[in-house]
Number of protein chains: 2
Amino acid sequence: MLGLLSAGPASGYDLLKTFEISLASVWPATQSQLYAELGRLSKEGLVRVVAEGPRGRKEYEITEEGHTELCHWLVEVPPNQTRRSDMLLRVFFLDQVGSDAARGYLERLAERAVHEHDQLRGIREFVISEGDDALRLYGDIALEWGLRLTAAQRDWAEWAAARVAALEQQKAGHTAAE
Amino acid sequence: MLGLLSAGPASGYDLLKTFEISLASVWPATQSQLYAELGRLSKEGLVRVVAEGPRGRKEYEITEEGHTELCHWLVEVPPNQTRRSDMLLRVFFLDQVGSDAARGYLERLAERAVHEHDQLRGIREFVISEGDDALRLYGDIALEWGLRLTAAQRDWAEWAAARVAALEQQKAGHTAAE
DNA sequence: TCGCGACATGTCAACACAGGAATGTACGAT
DNA sequence: ATCGTACATTCCTGTGTTGACATGTCGCGA
């Protein structure tokens, strides 16, 4: 919220819209959370209501303290290391479903990665056309992360599927030899 | 829990220990959650108490239904796409702290990635020594994901820091020329 | 002018999660 | 014999999160 407001004043509704198209992919949150958070921030003096519009619209602005707090969080608060990945959790137990289904799972992961990668490429082309230099720099860096991540995921999933296939083969040969 | 129990019967305490050394990095959870989950699973008939040991120890076993449910989850339940990343969220607002601090943040990300990568390499070497083929396959595949992810993160962070530095340079030159 | 869709905020119940405290038992070493 | 450690489970409190529901306003086109 503080980050979004640092680009200029906006209402909760505005922030919600901006949030959904830009940040929801890296930080999912619901409307209730956003409004609740605005209330909290307002009570703590990190944001301030600067105007009231038509339908009860309240326009918020980031305060000095808010900006200080934002910068503090950006560079000083230690990043959260552990991310939860159900995708990887499943891999640990993939031996339970047999190598055929396991290979299928990995192949589907590869396909999904390719699909996501293409989507991101589409977004980048769209964003590039309306570039405004310094402001778009960090958005592009984040996008690049997505591109590299999905590319790595495709490679990995294909590699893993091949390894499973190799073991499958080896086992079949072993059984036939006996 | 179901996945861990599919390797054989165990108590909540056993599962907790196994969990901490093997899965906590991809699926953080606390002791309270694990015990609570066991209770729930037991009530739903997906696990069953097979023996009571010394200190109130209850040994659980996965049931037929539990195993069916596990396999169902592994291959049929659609994976969760959105992962939360405070690291990436910060990148979006990095222009707020100036290019110097921003570059510092990215460089620290690169360092952290290298450190994690080394740790994972250490783990792999330790695991390789006590390999038992098919069983260790999927653990190794998961490990490989970690290695590729951290390598990609280092490359990306270094690339991003260089881009920020380039823009910084360009700006400085522009200002000096005026 | 009527109604629909976008605007705009707020509340609620249910559940997930983190972290820690409370409680107690068994075993092995001294 | 007893003391510390590992074993083993349960409960509690506060906070984060989800998804749905409630409420109402404005503007525009038929």
Side-chain angles (χ1 to χ4, degrees), chain A residues 1-5 8-21 23-44 46-61 69 73 77-86 89, chain B residues 1-5 8-21 23-44 46-61 73 77-87 89:
Chain A
M1 290 293 99
L2 293 177
L4 290 175
L5 280 172
S11 72
Y13 194 79
D14 294 337
L15 294 172
L16 181 62
K17 286 299 144 78
T18 315
F19 184 86
E20 275 167 0
I21 58 166
L23 302 181
S25 54
V26 298
W27 195 270
T30 56
Q31 158 256 60
S32 0
Q33 269 177 85
L34 300 192
Y35 279 111
E37 194 60 35
L38 273 177
R40 232 169 293 146
L41 289 172
S42 175
K43 212 163 60 185
E44 288 175 34
L46 303 179
V47 303
R48 173 177 49 214
V49 177
V50 281
E52 309 227 353
R55 294 148 262 225
R57 174 195 176 92
K58 279 181 279 185
E59 199 154 357
Y60 291 92
E61 184 185 61
E69 173 60 26
W73 173 72
V77 176
N80 190 354
Q81 306 252 21
T82 56
R83 10 178 187 296
R84 199 163 278 196
S85 164
D86 64 312
L89 184 60
Chain B
M1 289 293 99
L2 292 177
L4 290 177
L5 280 173
S11 72
Y13 193 80
D14 294 337
L15 293 172
L16 181 63
K17 285 298 144 77
T18 315
F19 183 87
E20 276 167 0
I21 58 167
L23 303 180
S25 55
V26 299
W27 196 270
T30 55
Q31 151 259 61
S32 359
Q33 270 177 82
L34 300 193
Y35 278 111
E37 194 60 34
L38 273 178
R40 232 170 294 147
L41 289 172
S42 174
K43 212 164 61 184
E44 288 175 34
L46 303 179
V47 303
R48 174 180 45 214
V49 177
V50 281
E52 309 229 351
R55 298 148 261 229
R57 174 196 176 91
K58 278 182 278 185
E59 199 155 358
Y60 291 92
E61 182 185 62
W73 173 73
V77 175
N80 192 355
Q81 307 252 20
T82 56
R83 18 173 178 287
R84 199 162 280 194
S85 165
D86 64 310
M87 172 222 113
L89 183 61

For residues 23-31 of chain B, tabulate all N or O donor-acceptor pairs below 3.5 Å that involve a side-chain atom, not counting sequence neighbours.
residue	atom	partner	partner atom	Å
B:T30	OG1	B:Q33	NE2	3.4

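- Atoms OH (B:Y13) and C1' (D:dT5) sit 10 Å apart, rounded to a whole Å.
- Among all heavy-atom pairs drawn from B:A10 and B:L5, the shortest one is N-CD2, 3.8 Å.
- Here the side chains of A:E20 and A:L16 are in contact, with some heavy-atom distance below 4.5 Å.
- Among residues two or more places apart in sequence or in another chain, the side-chain contact (heavy atoms from CB on, under 4.5 Å) test is passed with B:L2 by B:L41, B:L46, B:V47, B:I62, B:E69, B:L70.
- Using a 4.5 Å heavy-atom cutoff, the side chains of A:D86 and B:V77 are not in contact.
- Comparing the helix axis at one end of the helix from C:dT1-D:dA30 to C:dT30-D:dA1 with that at the other, each defined from 5 consecutive pairs, gives an inter-axis angle of 10° (nearest 10°).
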- Reading nucleotides 14-26 of chain D from the 5' end, what letters show protein touch, with B for base, S for backbone sugar-phosphate only, - for no heavy atom under 4.0 Å? ---SBBBB--BBB
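- Rounding to whole angstrom units, CZ of residue B:R57 and C1' of C:dC27 are separated by 14 Å.
- The two atoms that bring A:Y35 and A:Y13 nearest to each other are OH-N, 3.4 Å, heavy atoms only.
- The residue among A:K58 and A:K17 whose nearest nucleotide of DNA chain C lies closer to the 5′ end is A:K17.
- Whole-Å rounding puts the B:E52 CD to D:dC7 C1' distance at 15 Å.
- Per the geometry, OH belonging to B:Y35 stands 17 Å off P belonging to D:dC12, to the nearest Å.
- Separating the CG atom of B:L16 from the C1' atom of D:dA8 is a distance of 10 Å, rounded to the nearest angstrom.
- Protein atom CD of B:E59 is 14 Å distant from nucleotide atom C1' of D:dC7, rounded to whole Å.
- Atoms CZ (B:F19) and P (C:dC17) sit 10 Å apart, rounded to a whole Å.
- Listed by chain and number, the residues in a side-chain contact (heavy atoms from CB on, under 4.5 Å) with A:R40 are A:A36, A:E37, A:E44 (sequence neighbours excluded).
- Counting to the nearest Å, the C1' atom of D:dT9 and the CD atom of B:E37 are 16 Å from each other.
- You'll find the side chain of A:Y60 stays beyond 4.5 Å of the side chain of A:L4, heavy atoms only.
- Looking at residues two or more places apart in sequence or on another chain, you find a salt bridge (Lys or Arg N to Asp or Glu O under 4.0 Å) between A:R57 and A:D14.
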